[in-house]
Amino acid sequence: MGAPVQAAANDILPWKNPNNALVVDAYELNTIDWDSLLSDKRIAAFISKASDGLPESFSCTGDHAGDTIAHCKTMWRKYAVSRELFQTRRLVARAAGLLWGSYHLARPGNPVDQANHFLEYADPKNDEMMILDLEGIDPEKFMSLEDAQIFVGHIRARTGRYPVLYTNHNTARYIAAYRKVYPVLARLPIWYARYKPDVKGVFPMGNWDNYLMWQFSSGTNCSKRHCPYRVPGTLTDIDVNVAPMSRAELVRVWARGTLLPAREPDPPLILAKIEMEPHARPGTLDTAVIGTDAIVTSSIPQSAVVRTRRDF
């Protein structure tokens, strides 16, 4: 990213280092007491969920594919309220001096339409981070990797900047192993999800020497009795992230939107490709061979998914 980092990727419990900046990310169902949250001066940024898949049609006329007009109107109200909450949170966060970012949950469907939906919903400013949230590599459940490259390319064409990639270990390892197939995805700065005390042995991975941010706490590993880090004014379901740098350094790289340097494949990733075979064609994945990707948390409330207990 062109800026020095203070923490190595194998550091243990880097969120305990007071020099490392913290970032909170939220979806619309998270409860937040802003006065309390802002009392924690280590929190440098706030990221919010923005758009989700393809834009919805809320005309509430004609055939609703079995849905009722009443339900259509209810969903429209929910969508309108979530957008208003997004804008309100942005005003509060920015007024308080926090960096702001927003993400799009990648779903199957036209990636250009999804990119336009994100830009229309989030209306990202030049100093705000944009993120593509890629929850897994099953193209029937999530945006395919081919479409993800189209998505980030369209964001770049319209804004002049690339988004950050948010994902978990299985997906990151796959993209790193097939970095010549997905040369743009493999060079996006990575926001990495892992709910363990360290990332020792994970980085370097492909073009990633380190994480830009590490999501280390969520409803998965935070309870009333034990939590890696408690953010005042929030419940245990809030997602918390650490950056391997100071607040001042994070400000410099926050909205840069550039790609990481490309590198030649290394032997561990060549072995990873062998482990992930068969690979009939890009986007056609045998999940029985490579394993089921755990659901990561930045965009989906815990109550809405059945989580795997796979350690990633």
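All of these numbers come straight from a predicted model, not from anything done at the bench. Nothing fancy with the numbering, it's 1 onward along the sequence.
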Does D33 use its side chain to pair, donor to acceptor, with the backbone of S36 at less than 3.5 Å?
yes
I'd like to know if D147 and R107 make a salt bridge, using a cut-off of under 4.0 Å between side-chain N and carboxylate O.
no
Between the CG atom in N20 and the CE atom in M213, the distance rounded to the nearest 0.5 Å is 13.5 Å
When hydrophobic residues are tied together by side-chain contacts of less than 4.5 Å, even through go-betweens, does L38 share a cluster with L91?
no
Which pairs of donor and acceptor atoms, one on a side chain in residues 148-157, lie under 3.5 Å apart (sequence neighbours left out)?
residue	atom	partner	partner atom	Å
Q149	OE1	V184	N	2.9
Q149	OE1	L185	N	3.2
H154	NE2	N116	OD1	2.8

Heavy-atom nearest pair, L250 first then A21, reads CD2-CB, 4.0 Å
For the pair Y229 and N241, evaluate side-chain hydrogen bond (donor to acceptor under 3.5 Å, both in side chains) and give the outcome as yes or no after the intermediate values.
CA-CA 9 Å; Y229 190 92; N241 311 268; over 6 Å; no
Stepwise side-chain contact (heavy atoms from CB on, under 4.5 Å) test for L37 and V231:
CA-CA 6 Å; L37 183 147; V231 176; 4.0 Å; yes
Looking only at heavy atoms, which two atoms of M205 and A176 are closest? And how far apart?
CG-CB, 3.7 Å
Where do R179 and A186 come nearest, in terms of heavy atoms and distance?
CB-CB, 3.6 Å
Is it true that E128 and R94 make a salt bridge, defined as a side-chain N closer than 4.0 Å to a carboxylate O?
yes
Face-on cation placement of R83 at Y121 ring, 6.0 Å and 45° thresholds
yes
So, does N207 use its side chain to make a donor-acceptor pair with the main chain of R263 at under 3.5 Å?
yes
Cluster check W15, F203: I/L/V/M/F/W/Y, side chain < 4.5 angstrom
yes
Would a 4.5 Å heavy-atom cut-off, applied to side chains only, mark P189 and R256 as touching?
no
Let me see the working for E135 and T171 under side-chain contact (heavy atoms from CB on, under 4.5 Å), right down to the final yes or no.
CA-CA 8 Å; E135 302 272 338; T171 307; over 6 Å; no
Looking at side-chain heavy atoms only, is the closest gap between L99 and V251 below 4.5 Å?
yes
Other residues, nucleotides and ligands only: do more than 12 of their heavy atoms fall within 6.0 Å of CD on E84?
no
How close do V253 and M245 get, heavy atom to heavy atom, and via which atoms?
CG2-SD, 3.8 Å
Using the side-chain hydrogen bond (donor to acceptor under 3.5 Å, both in side chains) rule, take S51 and H117 through it: C-alpha gap first, then chi angles, then the decisive distance, then the call.
CA-CA 7 Å; S51 48; H117 179 35; 4.8 Å; no
Taking the side chain as every heavy atom from C-beta outward, state whether R90 and F46 have any pair of such atoms under 4.5 Å apart.
no
Please examine the side chains of R194 and Y211, heavy atoms only from C-beta on, and report whether any two atoms are closer than 4.5 Å.
no
ILVMFWY network linking V202 to L13, side-chain heavy atoms under 4.5 angstrom:
yes
Rounding to 0.5 Å, atoms CG (L134) and CG (L145) come to a distance of 6.0 Å
What is the minimum heavy-atom distance between R89 and A26, and which atoms define it?
NH1-CB, 3.9 Å
Identify whether L119 and F86 are in the same connected component of the hydrophobic contact network (ILVMFWY, side-chain heavy atoms under 4.5 Å).
yes
Working to the nearest 0.5 angstrom, can you tell me the gap between Y195 OH and S217 OG?
8.5 Å
Test item: S246 side-chain N/O and N19 main-chain N/O as donor-acceptor pair under 3.5 Å:
no
Side chains of F216 and V240: closer than 4.5 Å at any heavy-atom pair?
yes
Co-membership, hydrophobic cluster, residues W34 and I43, 4.5 Å side-chain
yes
Compare every heavy atom of W208 with every heavy atom of A172, then report the nearest pair and how far apart it is.
O-CZ3, 3.3 Å
Mind checking whether T234 and N30 have side chains closer than 4.5 Å, heavy atoms only?
no
Looking at the rings of Y192 and Y166, which for Trp means the six-membered one, are their centres under 6.0 Å apart?
no
Pair W214 + W191: ring centers closer than 6.0 Å
no
Within-4.5 Å side-chain heavy-atom neighbours: I137 and R173:
no
Rounded to the nearest 0.5 Å, what separation is found between the CD1 atom of I47 and the CG atom of D239?
10.0 Å
Rounded to the nearest 0.5 Å, how far does OG of S102 lie from CE of M129?
10.0 Å
Here the gap from S48 atom OG to E28 atom CD, rounded to the nearest 0.5 Å, amounts to 7.5 Å
Using side-chain heavy atoms (C-beta onward) and a distance below 4.5 Å, is D25 in contact with K49?
no
Give the C-alpha distance, both sets of side-chain angles, the deciding distance and a yes or no for side-chain contact (heavy atoms from CB on, under 4.5 Å) between Y162 and R187.
CA-CA 10 Å; Y162 285 104; R187 293 177 58 195; over 6 Å; no
Working note: V24 + I238, criterion side-chain contact (heavy atoms from CB on, under 4.5 Å); need CA distance, chi angles, decisive distance, verdict.
CA-CA 7 Å; V24 171; I238 199 75; 3.6 Å; yes
